[in-house]
Number of protein chains: 2
Amino acid sequence: MLSQSISTSAPGGRKVAPAPAATTDHFDVLTGHAGLVASEFIYRKDEEIYGEDETAEYVYQVVRGAVRTYKLLSDGRRQIGAFHLAGDVFGLETGMKHRLAAEAILDTTVRLVNRRSLEQAAHSDVRVARDLWSITSGELRHAENHMLLLGRKTAMERVATFLLEMDRRLARAGMIALPMCRRDIGDYLGLTLETVSRSLSELQAKGVLGLSSARQILLRDRHQLAVLNC
Amino acid sequence: MLSQSISTSAPGGRKVAPAPAATTDHFDVLTGHAGLVASEFIYRKDEEIYGEDETAEYVYQVVRGAVRTYKLLSDGRRQIGAFHLAGDVFGLETGMKHRLAAEAILDTTVRLVNRRSLEQAAHSDVRVARDLWSITSGELRHAENHMLLLGRKTAMERVATFLLEMDRRLARAGMIALPMCRRDIGDYLGLTLETVSRSLSELQAKGVLGLSSARQILLRDRHQLAVLNC
DNA sequence: CGTCGCTTTGATCTAAATCAAGTTGAGTGG
DNA sequence: CCACTCAACTTGATTTAGATCAAAGCGACG
């Protein structure tokens, strides 16, 4: 899995030494690339980062916190396309506009890079170009898996898939600390918040998971979840 | 909208002059690029072009016919991610493997380019790299719209969206000649074939469309469909 | 310690799935 | 040229998974 990171140059162009990465991070080539200037910004819980169809001026990376990107229908029905967690890049476009809106799920620090500078870096360095393509390709892979979930999986299968995804992406010491509410999960999985809640309760009753609080989940039987996941 | 075209060099490297494009086709830069060799191949109706998780050796472009790309669950439930029509590129990956399987919907001619050569072209020509990224980005845009459809739209809204998409992509002389069966449409829209059939019958009864045969559709009221589309 | 947003749980409803016949029409062979 | 076949499609009857409507819990925060 790609661990998406972009330049850590400070505003003004002075470099800030990033913590040395132990892994062969695919996106390290972007780090400290000449001419790239990144700044940090904090968004409050539920604050909009950009709107649907807004001009795409920046590319973002989550430093701390969590972000949801989503589309709305005219009557308010919402589909969340992805959750972006620490390290994830979002808001990267090839066209002029953002195709989904982005909001902070909780108080969130993001790093942002001017999109034009990134394009220029890609123009002079084929590795940067390749990395941008890889980020988009990774988002496409996620979307393809999610279409299968939304089109063909049962409610219980969707929740199982969600739990395994969150376990992979944000488990610390075996626990999942969910940043998002039941409504967000429902809008991500194409379900209502009540159905999400009932599915989680049923999995708890079966001993597949433990809920120390509504958003603190302990997976007790990943094998059972993997079976539901197909 | 991107009209995705790739090299038209003949096997053996001799160039075949392509018909001059009247439009500023975004993917013309790939046409005749040095070192790219494309060959053509014909697949019969329902023939597999590549399987899910198969190593991605080629990138494909539909010349004539139509292709479905899909994912399966272990019990046979299928989600079609996209239909690829004349001119469309498919099978482009940044990773080692195809993430969806591809099958010809009817007898179909495809042009194929070795994936390694394309990557080398992208390495030496930043415009090629940019075009590959744009193709992937276009697929992501489609997938994002389709997630909204699969997660949040009603059956009638899904069918309306499908009809407008097909009208845009393959209408000739005001008529849509569908290459795919009702089951394919259902597996694309996350519905059963019966629900697709009932929705089409209802739209015909309301005078929104005319069915001269099951696969020959005339849209009589695009405005009404656009309203359903939200 | 009261309030308010989030979550759970229960009762009922409904859109779409499933099950089940028929109908149509394109292709095949007599 | 017509009858037969078979897959694709339509339509009807019934079921059901998940939505909707409703009412308590609960827990964090002022």
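Each chain gets a letter, A, B and so on, in the order the sequences are listed, and its residues count up from 1.
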(request) Return the value, rounded to whole Å, for the distance between atom NZ of B:Lys45 and atom C1' of C:dG27. (result) 13 Å

(request) Mind calculating the distance between CZ (A:Arg215) and C1' (C:dC6) to the nearest angstrom? (result) 7 Å

(message) Minimum heavy-atom separation for B:Arg78 and B:Asp184, please, with both atom names.
(response) NH2-OD1, 2.8 Å

(message) In this structure, how many angstroms lie between the P atom of D:dA7 and the CE atom of B:Met180, rounded?
(response) 21 Å

(request) Answer yes or no: does a side-chain N or O of B:Thr192 lie under 4.0 Å from OP1 or OP2 of C:dA17? (result) yes

(request) For B:Thr195 and for A:Thr154, locate the closest nucleotide of DNA chain D by heavy-atom distance; then report the residue assigned to the nucleotide nearer the 5' terminus. (result) B:Thr195

(request) Starting from the 5' end of DNA chain C, give me the residue, A:Leu211 or B:Val196, whose nearest nucleotide shows up first. (result) A:Leu211

(request) Look at the side-chain N and O atoms of A:Arg198 and state whether any lies under 4.0 Å from the OP1 or OP2 oxygen of D:dG18. (result) no

(message) Between C1' on D:dG18 and CG on B:Leu150, what's the gap in Å once rounded to a whole number?
(response) 17 Å

(message) So if I take every side-chain heavy atom of A:Leu191 and compare against C:dC19, D:dT20, D:dA19, which nucleotide ends up nearest?
(response) D:dA19

(message) Can you identify which nucleotide, out of D:dT10, D:dA8, C:dT7, has its nearest atom closest to the B:Ala214 side chain?
(response) D:dT10

(message) Return whichever of B:Ser201 or B:Arg152 has its heavy-atom-nearest nucleotide of DNA chain D closer to the 5' end.
(response) B:Ser201

(request) Decide, yes or no, whether a salt bridge links B:Glu157 with A:Arg77 under the criterion of side-chain N to carboxylate O below 4.0 Å. (result) yes

(request) Please report, rounded to the nearest Å, how far the P atom of D:dC29 is from the CG atom of A:Asp107. (result) 12 Å

(message) Nearest whole Å is fine: how far is D:dA7 P from B:Arg183 CZ?
(response) 13 Å

(message) Nearest 0.5 Å, please: how far is CG in B:Leu150 from CG in B:Leu189?
(response) 7.5 Å

(message) Students often mix this up, so state it plainly: with edges at 30° and 60°, are the rings of A:Tyr60 and A:His98 parallel, tilted or perpendicular?
(response) tilted

(request) Nearest whole angstrom, please: distance from the C1' of D:dG18 to the CZ of A:Arg158. (result) 10 Å

(message) Nearest whole Å is fine: how far is D:dA19 P from B:Lys153 NZ?
(response) 18 Å

(message) Between A:Arg182 and C:dT8, is there a contact of a side-chain N or O with OP1 or OP2 at under 4.0 Å?
(response) yes

(message) Mind checking if B:Gly186 touches a base, just sugar-phosphate, or nothing, with heavy atoms under 4.0 Å?
(response) nothing

(request) In plain terms, say whether A:Asp46 and A:Arg68 are close enough for a salt bridge, that is, a side-chain N and a carboxylate O under 4.0 Å apart. (result) yes

